[in-house]
There are 2 protein chains.
Amino acid sequence: MSPNPRSAPRRERARAATIDEIKQTALALMRERGTVEVRFTDIARVMDMTPPALYRYFADRDELVSALIKDAYEGLGEAVAKARAEAPPGDIAAAWVAAGQAYRRWAHEEPQQFALILGMPLPDYAAPPDGSTSEAAGRAMAQLSSLFVEALHQGRLGPPRIREVHPAVELCARIKHEQHEVAVGPAHFQAMMHAWAALHGFTSLEANGHFAWMDPEARDALFLGQLRLAAEAAGLPVPA
Amino acid sequence: MSPNPRSAPRRERARAATIDEIKQTALALMRERGTVEVRFTDIARVMDMTPPALYRYFADRDELVSALIKDAYEGLGEAVAKARAEAPPGDIAAAWVAAGQAYRRWAHEEPQQFALILGMPLPDYAAPPDGSTSEAAGRAMAQLSSLFVEALHQGRLGPPRIREVHPAVELCARIKHEQHEVAVGPAHFQAMMHAWAALHGFTSLEANGHFAWMDPEARDALFLGQLRLAAEAAGLPVPA
DNA sequence: CGTGTTTGTTATGGAGCTTAACGAAGCTGA
DNA sequence: TCAGCTTCGTTAAGCTCCATAACAAACACG
């Protein structure tokens, strides 16, 4: 064992650390400038490197952005999952509020990342080829779906306030059900989508500054109202 | 009147036409490439001009984008107003559906313009200094508000499904009321915001491709369900 | 017509992305 | 230890685009 047997992994770790530093620097610059645009030149300058050096780690700028998008998907998913896990166990209403607040808070704190994954898709970014077209959609649905399942098991899932489920929607629900992505019936599937849309709408408008004329306290209250309304319509226990 | 007395206006008209052509070309390129980015070089090439010529009409690229944003505000506002006007007069439910469908259709047909005004704001674009921070928000509110007023006058505006209105929200509603931007009470003000958020959430998710895995027919049905739910919660007549 | 304005051109500079060519450092194995 | 390979960084250079400057043509108007 003349050299270090972990020498190769060490180099890999250094590489991983550099990749991470690049991404973190890119995020910091995005936050600083309030844009999703990011210049290789700036990243290099902050990192005390020359721009071409970055090409050892990312083939081009799009590849960096793709990596940032992937991270953002995970970041949002984790934030929501963590909030749900930290809510009082068994309390569906609290879990729904916690998840919604996490979604909103993440969007508010990371508007650039939020725009990256849920705003207009980049022209050339291809979703990771591992299946799911939109990972964020998948995660959101999974989080929501499990909430409904938990409520069902507790016998606290009421009928959603939906007049009738259109056959096409029912078909979609069945497909999702067979893919084990959604474990509830068609009516609750539709209710889930409505709840997600309402949550996302408020979040998106607020994150993009269209509620800036409102008092923060009013925004908070309004958001809670939106969550209550969605829960009520979906047949979930209504938060206090 | 040796030359044409309207000769000066003629030149102005030519200028206006060129400005319009630049903007239309920019929009066409945005649609074609699926981006909000637009290159002066490309616009000039399409218009058989050289890039510097464009600087006779717009000081820089940001000024062009600002003009496009302003147009987009108007485009969305007009689309919604037109749809409302064409709905059967006096039928609140139909008007709500028509307005919502117009909002959704416009976002679907012009995702770039939609992103421009309701997506992440550009870093350096300053809202037109004539007051309203977000014109789109103002227009949307005005459209919604007038819908509620009409329902009220018809005696068909029920109580919104809202438990209690938070004092901060009530204050916001009063301010808006005094500014003559919203002519309904606090509870219905809150209901309006909820309705707008739900409408916008579905529209935004769909326009950004996050419902692409769904059948178009299912999306249509889902959207209608969302509108019904929002109307019901707001105390508006519920569409059929 | 002659003058000043408008609108276009070509020439030029500067910034950013990206590739190519090269050098320094570190791992690897005799 | 030392030669060879890989990795990582540099400098040099080309391309594209934004933007300004300087200049030429078209045009309104007295």
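Proteins come first, then strands; the chains are lettered A, B, ... in the order of their sequence lines, and each starts at number 1. Computed from a predicted structure; not experimentally measured.
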Note: contacts of residues 21-33 of chain B with DNA chain D (heavy atom, under 4.0 Å) are none
Under 3.5 Å, N/O pairs linking protein and nucleotides 4-8 of chain C:
residue : atom : partner : partner atom : Å
dT7(C)  : OP2  : R15(B)  : NH1          : 2.8
dG8(C)  : OP2  : Y57(B)  : OH           : 2.3
dG8(C)  : N7   : R56(B)  : NE           : 3.1
dG8(C)  : N7   : R56(B)  : NH2          : 3.4
dG8(C)  : O6   : R56(B)  : NH2          : 2.2

Rounded to the nearest 0.5 angstrom, the CZ-CZ distance for R219(A) and F211(A) is 9.0 Å
Distance col, row L76(A):CG vs Q113(A):CD, nearest 0.5 angstrom, shows 9.5 Å
Rounded to whole Å, the CD-P distance (E63(B) to dT20(D)) equals 11 Å
Here the distance between atom C1' of dG9(D) and atom CE of M47(A), to the nearest Å, is 12 Å
To the nearest 0.5 Å, atom CZ of F40(B) lies from atom OG1 of T50(B) at 12.0 Å
### Task
Output yes when a side-chain donor or acceptor of D20(A) lies under 3.5 Å from a complementary backbone atom of A16(A), and no otherwise.
no
When rounded to whole Å, the CZ to C1' distance for the pair F58(B) and dC18(D) reads 16 Å
request  = Look at E86(A) together with K82(A) and state whether they make a salt bridge at an N to O cut-off of under 4.0 Å.
outcome  = yes
In whole angstroms, the gap separating P of dC8(D) from CD1 of I19(A) amounts to 9 Å
- [ ] Please indicate whether E37(A) has more than 12 foreign heavy atoms, meaning atoms of other residues, nucleotides or ligands, lying under 6.0 Å from its CD.
- [x] no
Between the CZ atom in F223(A) and the NE2 atom in H108(A), the distance rounded to the nearest 0.5 Å is 12.0 Å
So R104(A) and D220(A), salt bridge (Lys or Arg N to Asp or Glu O under 4.0 Å) or not? Walk me through it.
CA-CA 10 Å; R104(A) 176 185 177 225; D220(A) 288 348; 2.9 Å; yes
Quiz item: Is the H200(B)-F114(B) ring centre distance short of 6.0 angstrom?
Solution: yes
Rounded to whole Å, CD of E12(B) lies from C1' of dA28(D) at a distance of 12 Å
R31(B) and E110(B) ion-paired at < 4.0 Å
yes
Where do N or O atoms of nucleotides 16-19 of chain C meet protein N or O atoms at under 3.5 Å, pair by pair?
residue : atom : partner : partner atom : Å
dG16(C) : OP1  : R39(A)  : NE           : 3.4
dC17(C) : OP1  : F40(A)  : N            : 3.1
dC17(C) : OP1  : R61(A)  : NH1          : 3.4
dC17(C) : OP2  : F40(A)  : N            : 3.3
dC17(C) : OP2  : T41(A)  : N            : 3.1
dC17(C) : OP2  : T41(A)  : OG1          : 2.9
dT18(C) : OP2  : Y55(A)  : OH           : 3.0
dT18(C) : OP2  : R61(A)  : N            : 3.1
dT18(C) : O5'  : Y55(A)  : OH           : 3.1

Distance col, row C172(B):SG vs E217(A):CD, nearest 0.5 angstrom, shows 10.0 Å
